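Chain letters run A, B, ... following the sequence lines, proteins first, then strands; residues in each count from 1. All figures in this text were calculated on a predicted structure; none of them were measured in a lab.
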2 protein chains.
Amino acid sequence: MEIRGLSGQFNSTLDEKGRILLPAKLRDQLKGCPLVLTRGIDKCLWLFPEDEWKGVSDVLLENSSLFKSKSQMIQRRLLAPATDLAIDKNGRIKIPSSLQRSTGLVRDCIFIGLDDHVEIWDEELYIEFEERCEEDIKDAWEELGNQG
Amino acid sequence: MEIRGLSGQFNSTLDEKGRILLPAKLRDQLKGCPLVLTRGIDKCLWLFPEDEWKGVSDVLLENSSLFKSKSQMIQRRLLAPATDLAIDKNGRIKIPSSLQRSTGLVRDCIFIGLDDHVEIWDEELYIEFEERCEEDIKDAWEELGNQG
DNA sequence: ACAAAATCCCACTTTTTACCACTAATATTT
DNA sequence: AAATATTAGTGGTAAAAAGTGGGATTTTGT
């Protein structure tokens with residue numbers, strides 16, 4: 001099942017049991033689809049439809065070798081923490097506590113749809129991150145204009 | 001539906017439910033047209049006719065990749081917050097609360113027509129922004145004089 | 001076998017959305 | 001100019017959808 005066009009930014013809160021409601025619009029797009037959750041680049045989680053994740057992990061494994069420390073690093077950081085996920089009857093997913101910890105997820109979270117996957121951030125950390133990026137974004141935006 | 005020639009500056013107020021009346025002149029030009037609302041560069045919102053926005057988002061997605069942090073940044077900041085919008089029976093649009101927050105919209109707002117899209121600012125923030133720009137213009141002017 | 005944790009399921013609360021009703025302002029007609 | 005119609009702008013209600021909490025049962029690990 002190939003899914004593209006994931007988008008939107010949504011708030012949601014993690015409860016005491018580590019459950020969090022998938023925002024309705026994302027849920028509509030993802031329902032019935034096997035999911036994979038793992039640590040992303042930057043301090044966030046990545047939620048992938050299984051097939052999309054397969055594409056990414058294949059790339060990671062392709063040039064991998066026991067003798068290359070860089071690829072081992074990537075495998076530990078991105079591949080190893082990946083876990084299969086199901087959406088429960090109420091539309092929530094369970095976030096394993098180790099992933100909560102590594103991402104600093106406490107309660108208020110933000111979901112960000114990025115075409116083929118979804119990022120999950122701690123709200124506070126995301127706002128800080130965004131502020132740090134703001135200048136770079138303006139620059140990148142102007143660059144885009146100069147290309148066109 | 002291609003729309004050009006949006007112009008004008010108008011005041012309008014956000015009500016407690018996050019609804020805001022599209023100024024009549026803009027409404028006339030935009031009625032019947034599917035709209036997209038997203039965060040702009042600078043602390044404002046951008047309201048685009050869907051087709052115009054498609055053009056922008058295609059450019060953004062074109063060279064995008066999960067492995068490029070710059071493109072991910074741009075996607076998070078500009079593409080993800082984009083949401084489809086409809087004009088209700090009374091000529092109002094609903095501004096999602098996350099967009100209100102990120103733009104500092106409280107009550108009094110300003111609409112600015114910019115040919116192919118409309119900017120929405122918090123009035124107070126816009127006035128401050130204008131003043132800051134004024135200083136930049138003066139500086140640039142003096143620089144010009146010193147060059148000669 | 002027992003405690004702790006995870007899962008399932010139900011019930012409640014809040015938010016959102018669509019619709020309606022009203023006032024104010026502007027334009028039109030006689 | 002007065003009366004009427006039309007458009008602009010504001011606020012509120014009610015039904016539906018989204019979101020939240022928590023208890024009971026099952027599973028897991030020691």
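- Side chain A/R27 to base D/dG19: no donor-acceptor pair is found below 3.5 Å.
- B/L30 and B/L47 make their closest contact through CD1-CD2, 4.3 Å (heavy atoms, listed as atom of the first residue, atom of the second, distance).
- Rounded to whole Å, the distance from CG on B/L21 to P on C/dC22 is 20 Å.
- Heavy-atom nearest nucleotides on DNA chain D were determined for A/T13 and for A/K17, and the one closer to the 5' end corresponds to A/T13.
- In this structure, the ring of B/W46 has its center less than 6.0 angstrom from the ring center of A/W141.
- No hydrogens or angles were tested; on distance alone, a donor-acceptor pair under 3.5 Å links the side chain of B/N90 to the base of D/dG11.
- What separates CG of A/N11 from C1' of C/dT16 is a distance of 15 Å, to the nearest Å.
- Side-chain to base pairing of A/R19 with D/dG19: no donor and acceptor N or O lie closer than 3.5 Å to each other.
- Take the nearest nucleotide of DNA chain C for B/K94 and for A/K89: the residue whose nucleotide is more 5' is A/K89.
- C/dT17 atom P lies 10 Å from atom CG of B/L85, rounded to whole Å.
- Atom-to-atom distance recorded for A/D15:CG and A/L21:CG is 10.0 Å, nearest 0.5 angstrom.
- If you measure from atom CD1 of B/I93 to atom P of C/dT16, you get 16 Å, rounded to the nearest angstrom.
- One can place CG of B/D28 at 7 Å from P of D/dA8, the figure rounded to the nearest angstrom.
- When rounded to the nearest whole Å, the span between CZ of B/F10 and P of D/dA8 equals 12 Å.
- B/D88 comes within contact range of no nucleotide atom at all, as no heavy-atom separation falls under 4.0 Å.
- Taking atom CZ on A/F111 and atom P on D/dG19, their separation rounds to 10 Å, with Å as the unit.
- B/W121 and B/E123 are not linked by any side-chain donor-acceptor pair at a separation below 3.5 angstrom, with hydrogens and angles left out of the test.
- Other residues, nucleotides and ligands contribute more than 12 heavy atoms inside 6.0 Å of the NZ atom of B/K68.
- One interatomic measurement links the two molecules: CD1 of B/I87 to P of C/dT17, which rounds to 16 Å at whole-angstrom precision.
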